[in-house]
Amino acid sequence: MTRQPGPLRIGNASGFYGDRFDAMREMLTGGELDVLTGDYLAELTMLILGRDRLKDSGAGYARTFLRQLEECLGLARERGVRIVANAGGLNPAGLADAVQQLADRLGLPVRVAHVEGDDLTAAHPGSLAAHAYLGGFGIAACLREGADVVVTGRVTDAALVTGPAAAHFGWGPGDHDRLAGAVVAGHVLECGAQATGGNYAFFREAARSGRDLRRPGFPLAELHEDGTCVITKHPGTGGFVDVGTVTAQLLYETAGARYAGPDVTARLDTVRLTEDGPDRVRIEGVRGEAPPPTLKVGVNRLGGFRNEVAFVLTGLDIEAKADLVREQLTDALAKSPPAEVRWDLVRTDRPDAPSEETASALLRLVVRDPSQEAVGRALSGAAIEMALASYPGFHVLAPPGKGSPYGVFEDVYVPQGGVDHVAVLHDGRRIPVPPAHDTVVLDEVPEPPLPQPLSHGPTARAPLGLVAGARSGDKGRNANVGVWVRSDDAWRWLVHELTVDRFRQLIPESGRLKVTRHPLPHLRALNFVVEGILGEGVAAQHRFDPQAKALGEWLRSRHLDIPEILL
């Protein structure tokens with residue numbers, strides 16, 4: 001890519017492996033684009049691809065991407081759109097070869113490049129997949145050398161935007177503010193329709209105002225040379241873009257004011273959002289700092305085997321029925337009890353219910369053990385043998401199976417120079433990508449000054465969600481919950497009311513865990529990080545909502561004394 005006047009238009013066509021298949025065609029035909037990105041990787045995805053690779057050494061990449069290109073590669077070539085995706089997963093070289101073979105078969109003169117160096121599995125014995133999060137300068141090198149398609153393995157999600165931006169505008173590693181602006185744009189784009197009304201806290205309000213949320217379009221960023229951007233979407237597509245949707249995505253899976261990456265540390269406390277017309281939000285003011293001296297490495301291991309069964313308890317004596325099942329199964333498994341046993345009684349039942357479903361509660365049993373036998377046949381036999389000898393109305397949602405393997409995820413860190421980051425071009429040339437030479441050890445940002453509390457007045461007991469939005473997600477063992485409001489008065493109330501202690505009261509599950517609060521005044525937002533709430537990561541399925549996707553909605557449903565002036 002060569003530097004051109006005007007903004008760089010970067011769109012997104014995938015937020016995860018399994019996202020809407022026709023999004024690539026929709027983005028290529030819906031309006032002007034320079035670059036189309038696709039994010040296919042997540043912590044859980046790396047585990048899934050690792051298991052695929054155990055069965056087939058040639059696997060390990062997102063096959064959906066290849067099928068999408070079969071329909072759309074000619075279209076992208078015709079429109080002059082470069083494609084950048086992390087669909088290479090554990091095998092970017094294999095995917096690059098497959099894309100080149102596809103292009104040759106279709107008769108398209110397409111140059112395919114890939115980025116490698118993230119795979120550190122050999123350095124972590126016993127791991128299924130261990131991959132460093134690389135930055136965007138390998139992608140930039142590929143594009144500068146004329147690549148039409150660039151596929152990568154484990155890069156940061158934002159690298160899919162910082163790479164094309166650096167190539168287009170000629171940015172270097174020291175352009176921290178510009179790179180930070182691109183990181184913020186990339187973070188907004190990375191989850192696709194979550195920036196255009198998908199999974200949005202105020203979806204009912206949006207629907208009442210005439211927004212069509214049935215099929216949100218995918219987002220794009222008009223990125224400028226100074227690092228500012230406008231988030232928008234193609235005309236005529238569903239959903240909407242406003243300050244609220246962009247704020248929600250900015251808070252997703254983040255922590256403090258410093259958002260660290262391999263290219264730059266972006267200061268989220270400097271981000272300013274303004275409406276720039278219908279379905280247009282301008283992002284400006286983003287400051288950047290040198291990146292940390294280390295790279296994050298995601299290590300996935302097989303943790304053992306798990307199984308579960310959900311007993312349906314109907315009508316009267318729910319607690320007593322649950323006690324009986326626990327006692328019976330504990331006795332039945334006494335000879336060889338699983339290493340971990342967890343019971344959860346979910347009271348979905350109602351008194352005098354009009355249907356059997358609403359008269360029923362669920363008693364969920366989850367077991368884990370290094371041995372498949374301990375959670376498989378032993379559990380299924382014990383559970384099924386109780387069918388005629390337990391509580392009245394005994395039945396289960398589904399019989400337990402043989403037990404399935406589960407994964408364990410952990411973060412480790414290596415020096416920036418501890419990976420061989422390489423851009424591999426279409427002609428086989430290999431361009432080494434040097435590590436960042438200017439780095440700064442991360443430190444917490446001091447808490448910013450807070451506004452004066454809202455004046456005292458009458459209050460009403462009501463759900464927090466009547467005045468605040470929220471979005472939550474997972475990062476390894478931890479979860480974050482971002483909470484934001486839409487007026488200065490609401491901010492003056494929220495920042496003083498929703499303390500760490502109040503959060504723990506509203507989310508009792510966090511009571512014994514470390515909870516950190518990060519205020520972001522420019523966004524009128526608080527970001528809470530709850531450490532250890534997800535056990536050993538999403539693949540371990542430690543809790544009912546293993547990725548904490550709905551933790552924010554639970555918080556919004558809790559009742560507080562809210563000033564009537566805000567309601």
Side-chain angles (χ1 to χ4, degrees), residues 7 9-13 15 20 23 26-27 30-31 161 181-224 227-254 268-286 464-473 481-491 494 520-527 552-553 556 566-567:
R9 293 175 62 87
I10 303 180
N12 171 281
R20 201 162 79 215
E26 179 182 297
M27 290 300 289
V161 171
V183 164
V184 170
H187 182 61
V188 174
L189 296 188
E190 70 182 62
C191 289
Q194 279 197 170
T196 57
N199 301 349
Y200 186 51
F202 298 112
F203 75 101
R204 291 185 66 194
E205 181 180 312
R208 285 194 294 267
S209 67
R211 268 80 177 252
D212 185 357
L213 298 180
R214 293 173 296 177
R215 188 181 171 88
F218 276 64
L220 63 94
E222 298 172 356
L223 194 61
H224 295 268
T228 63
C229 74
V230 171
I231 303 297
T232 184
K233 65 185 186 68
H234 282 327
T237 55
F240 66 104
V241 177
D242 70 7
V243 167
T245 66
V246 174
T247 299
Q249 181 55 29
L250 275 175
L251 295 172
Y252 182 63
E253 295 183 346
T254 58
L268 298 183
D269 56 343
T270 64
V271 176
R272 294 182 183 271
L273 307 178
T274 55
E275 300 284 351
D276 193 56
D279 291 320
R280 293 175 64 83
V281 172
R282 181 172 297 278
I283 302 178
E284 55 193 349
V286 186
L464 173 63
L466 293 186
V467 297
R471 179 162 286 169
S472 56
V481 185
V483 185
W484 82 95
V485 290
R486 297 176 291 178
S487 72
D488 290 339
D489 281 349
W491 171 241
L494 181 76
L520 298 168
H522 291 327
L523 300 177
R524 300 194 194 100
L526 300 171
N527 200 16
E553 286 301 294
R556 292 182 71 234
L566 301 179
L567 297 172

note = Applying salt bridge (charged side-chain N to carboxylate O under 4.0 Å, His left out) to E284 and not counting sequence neighbours gives none
remark   = Nearest heavy-atom contact between N12 and M27 is O-CG, 3.5 Å
inquiry  = Which residue in the set D276, L220, V281, V241 passes side-chain contact (heavy atoms from CB on, under 4.5 Å) when paired with T232?
reply    = L220
inquiry  = Ignoring hydrogens, what is the shortest heavy-atom contact between C229 and L223? Give both atom names and the distance.
reply    = CB-CD1, 3.5 Å
query = Sequence neighbours excluded, which residues qualify as salt bridge (charged side-chain N to carboxylate O under 4.0 Å, His left out) partners of E205?
reply = R486
Under 3.5 Å: donor-acceptor pair, side chain of T196, backbone of P216 = no
message = Keeping S472 on the side-chain end and V481 on the backbone end, is there a donor-acceptor pair under 3.5 Å?
response = no
ask   = Where the side chain of R471 meets the backbone of Q194, is there a donor-acceptor pair that is under 3.5 Å apart?
value = yes
message = As an exercise, state the distance from CG of N199 to CD of Q249, rounded to the nearest 0.5 Å.
response = 9.5 Å
ask   = What are the two closest non-hydrogen atoms of A185 and A221, and how far apart are they?
value = CB-CB, 4.3 Å
inquiry  = For F202, does the six-membered ring have the charged nitrogen or CZ of R556 within the cation-pi criterion, i.e. under 6.0 angstrom from the centroid and within 45° of the normal?
reply    = yes
ask   = Within the side chain of E275, is there an N or O that forms a donor-acceptor pair under 3.5 Å with the backbone of V243?
value = yes
